[in-house]
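Dropping the structure in here first, questions after.
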Amino acid sequence: MYAIEVENLTKRFGDLIAVDHVNFTVKKGEIFAFLGPNGAGKTTTINMLTTLLKPTEGRATVAGYDVVKEPSEVRKKIGIVFQDPSLDRELTAYENMYIHGKIYGYNGIKLKERINDLLKFVELERFKDKVVKTFSGGMARRLEIARALIHEPEILFLDEPTIGLDPHTRAHIWEYIKRMKKERDMTIFLTTHYMDEADQLADRIAIIDHGKIIAEGTADELKRLIGNDVVYLKFTNGMIECIKAEFIKDCKILPDGRIELGVENASEAIPKIFELSIQKSWKILEVSYHKPTLNDVFLYLTGREIREENGESFAILKTVARRRFR
Amino acid sequence: MNAFITLAYRQLKRFTRARSRVIGSFVNPIIWLIFFGLGWSEVFNFPMARQIFGGVDYLSFLAPGIVAMTIFNSSFISGISVIWDKQFGFLKEILVAPASRKAAIVGRIVGDSLTSLFQGTVILLLMFMIADSLKVSGIPFVLLIGFMLAVAFASFGVSLALRMTSMEGFQMIMSFLMLPLLFLSGAFYPIDTMPNWMQVLAHINPLTYAVDGSRYFLLGTSKFPITTDLSVLALLSIALLGIAMYSFERATIE
Ligand SMILES: Nc1ncnc2c1ncn2[C@@H]1O[C@H](COP(=O)(O)OP(=O)(O)OP(=O)(O)O)[C@@H](O)[C@H]1O
Ligand SMILES: [Mg+2]
């Protein structure tokens with residue numbers, strides 16, 4: 001049984017095809033990541049899956065319910081953290097949680113307990129009576145995550161959960177996400193344009209660009225698309241020649257005298273290289289290795305980089321612009 | 001039901017947080033009262049004038065109008081918070097909830113109407129201190145009229161705000177409508193002495209009926225039969241509330 005099933009899902013805004021015949025499934029209890037640059041169609045996909053936008057074409061079921069025909073059933077099953085902040089800034093953390101709980105039909109002691117538990121979960125219990133206006137970006141984000149969990153959703157949507165946050169806060173939020181999967185057995189659909197985020201968190205990743213899914217699989221599967229790990233070696237006493245062994249797939253001499261070896265798995269290959277060197281009494285001066293990153297995968301598939309740095313500041317600008325001009 | 005109570009609660013909570021806005025909302029009516037009301041009340045301080053104003057002094061004549069104006073202003077402007085909610089994303093949080101949207105928006109409108117009514121009540125009590133001929137027994141009925149007026153214009157404000165993307169646009173429409181509606185409501189001078197074309201507009205101005213009905217309960221005189229005033233306000237507030245519910249039901253983020 002799938003938590004999310006999507007068939008040919010498409011959204012047009014006038015001439016622009018924001019999401020273009022997308023197909024994928026998300027299994028129950030899985031963390032599934034949509035990885036793609038700005039404007040790829042990640043938020044638009046989430047908006048359709050969460051019943052906020054009507055698809056132009058195609059269909060999607062979430063928790064077994066059709067997002068167009070049975071939106072209120074879908075809404076009961078899902079929790080969302082939007083890309084743009086969506087808290088009531090004039091109210092306190094507790095009041096924000098309380099209002100959410102009430103709207104979802106929770107009451108009394110049960111609601112109170114859930115709010116306190118969840119504020120503890122995101123380490124905000126000390127700030128529960130502070131007005132949200134005074135919160136930092138990271139605190140607001142954590143509050144939004146806690147809020148999305150009040151009604152015990154089966155499926156959680158996180159739209160760029162760590163965008164614009166500092167590394168420390170990002171690590172915290174990753175921790176919460178992992179714990180939600182483990183302790184609450186939740187299905188999580190997240191979007192991100194951070195390679196490391198997808199790599200760290202997701203069981204499976206779909207890479208999306210210009211509204212189309214261009215690759216899908218586990219992080220390892222995706223990395224295997226572009227082949228090998230690479231080991232770089234430098235020997236003393238001018239030993240510059242290719243090494244042959246069954247675990248070495250290819251070998252190149254680099255202009256600076258280093259030797260580049262293509263191997264299946266660098267961590268396993270390096271000890272073997274050491275053994276070999278001892279047998280042949282070569283002396284290793286330097287060793288380093290490179291494992292393909294999702295960045296390399298994206299580069300390989302699109303000829304472009306996601307460019308986290310530029311992408312990030314641009315994304316923040318965009319968020320600000322959206323807030324001001326929407 | 002949950003959504004109704006929760007959203008009403010939220011609007012009231014926000015109101016109590018926004019002290020400066022609360023105080024600001026009293027400034028306008030008080031300025032009118034003092035500079036307009038007290039100023040003219042001396043000019044009209046001769047026996048014949050009482051006839052123009054239905055047998056009462058000018059301040060008493062003006063009082064119901066100032067109360068209606070307070071409620072009208074504050075309920076209309078409450079719609080703008082919908083645009084805030086769009087910009088700060090809170091609206092999405094409601095749109096994606098499984099709760100009834102109709103209940104949610106009615107809760108919101110009722111919450112805002114209660115805060116407007118509270119402001120009107122404060123001004124009403126102030127009026128009792130400075131105008132001589134007001135009847136205490138009229139207070140509950142004036143509050144009823146004030147509530148209907150508030151629901152009508154809060155609903156109007158919400159429907160308008162749902163179609164707008166910028167605060168500036170909303171404010172422009174508001175300032176475009178606000179003063180004409182006030183001057184055409186009989187709040188400051190009787191409708192009977194207006195030029196004919198103005199009288200026609202006054203008759204189709206909903207605020208007219210709120211001012212006239214309040215005058216009936218506070219002063220005992222009115223231009224229209226009180227049943228007319230009350231039924232116009234009741235129908236209007238139900239109709240505008242209906243439109244707001246319909247608009248919110250169909251609201252998307254597109
Ligand atoms: N309401 C809208 N009207 C018109 N075009 C839109 C609308 N929403 C999104 N788009 C366009 O659709 C495309 C996809 O946007 P979307 O927000 O889904 O991208 P994204 O992957 O979430 O990007 P980001 O990383 O910037 O959040 C963009 O080109 C965007 O400009
Ligand atoms: Mg987005």
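Below, chains carry the letters A, B, ... as their sequence lines are ordered, and counting in each starts from 1. Just the heavy atoms: all of them, side chains too, but no hydrogens, waters or symmetry mates, feed the values below.
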Task: Inter-residue atom distance A:Ile99.CD1 - B:Ile94.CD1, 0.5 Å rounding - done: 8.0 Å
- [ ] Determine the option with the most heavy-atom pairs under 4.5 angstrom with chain B, choosing from A:Leu53, A:Asn47, A:Thr51.
- [x] A:Leu53
Task: Considering all heavy atoms, the nearest A:Tyr104-B:Val96 contact - done: OH-O, 3.7 Å
Task: Heavy-atom proximity to chain A below 4.5 Å, by part of B:Arg17 - done: side chain
Open item on the list: To the nearest 0.5 Å, what is the distance between OH on A:Tyr98 and OG1 on B:Thr6?
Closed with: 7.0 Å
Task: Pair B:Thr252-A:Lys54, side-chain contact (heavy atoms from CB on, under 4.5 Å): steps then yes or no - done: CA-CA 9 Å; B:Thr252 65; A:Lys54 288 233 155 31; over 6 Å; no
Open item on the list: Heavy-atom cut-off 4.5 Å, strictly under: side chain, backbone, both or neither for A:Lys133 against chain B?
Closed with: neither
- [ ] Let me know if A:His151 has heavy atoms under 4.5 Å from chain B in its side chain, its backbone, both or neither.
- [x] neither
Open item on the list: Between B:Ile5 and chain A, with a heavy-atom cut-off of 4.5 Å, which part of the residue counts as in contact: side chain, backbone, both or neither?
Closed with: neither
Open item on the list: Quick check on B:Leu91 against chain A: is it the side chain, the backbone, both or neither that has a heavy atom closer than 4.5 Å?
Closed with: neither
- [ ] Please tell me if the side chains of A:Ile103 and B:Leu7 come closer than 4.5 Å, counting only heavy atoms from C-beta onward.
- [x] yes
TODO: Look at atom CZ of B:Phe26 and say whether more than 12 heavy atoms of other residues, nucleotides or ligands are closer to it than 6.0 Å.
DONE: yes
Task: Residues, nucleotides or ligands: over 12 heavy atoms within 6.0 Å of B:Phe36 CZ - done: yes
Task: Shortest non-hydrogen contact between B:Gly89 and A:Ser86, atoms and distance - done: O-CB, 3.2 Å
TODO: Determine the minimum heavy-atom distance between A:Leu52 and B:Lys92, stating which atoms define it.
DONE: CD1-CD, 4.1 Å
Open item on the list: Using heavy-atom distances under 4.5 Å, tell me whether A:Thr92 contacts chain B through its side chain, its backbone, both, or neither.
Closed with: both
Open item on the list: Taking every non-hydrogen pair under 4.5 Å, which of B:Trp84, B:Phe90, B:Phe4 racks up the most with chain A?
Closed with: B:Phe90
- [ ] Quick one: pull up CG in A:Leu91 and NZ in B:Lys13 and give me the separation to the nearest 0.5 Å.
- [x] 8.0 Å
Task: Close side-chain approach of B:Phe88 and A:Glu90, heavy atoms under 4.5 Å - done: no
Task: Atom OH of A:Tyr176: over 12 foreign heavy atoms under 6.0 Å - done: yes
Task: A:Glu95 versus chain B, the contacting section by heavy-atom distance below 4.5 Å - done: side chain
TODO: Using a cut-off of 6.0 Å, state whether more than 12 heavy atoms not belonging to A:Lys112 lie near its atom NZ.
DONE: no
- [ ] Write down the atom of B:Pro98, the atom of A:Ser72, and the distance for their closest heavy-atom approach.
- [x] CB-O, 4.1 Å
Open item on the list: Is it the case that atom CE in B:Met172 sees more than 12 heavy atoms from other parts of the structure closer than 6.0 Å?
Closed with: no
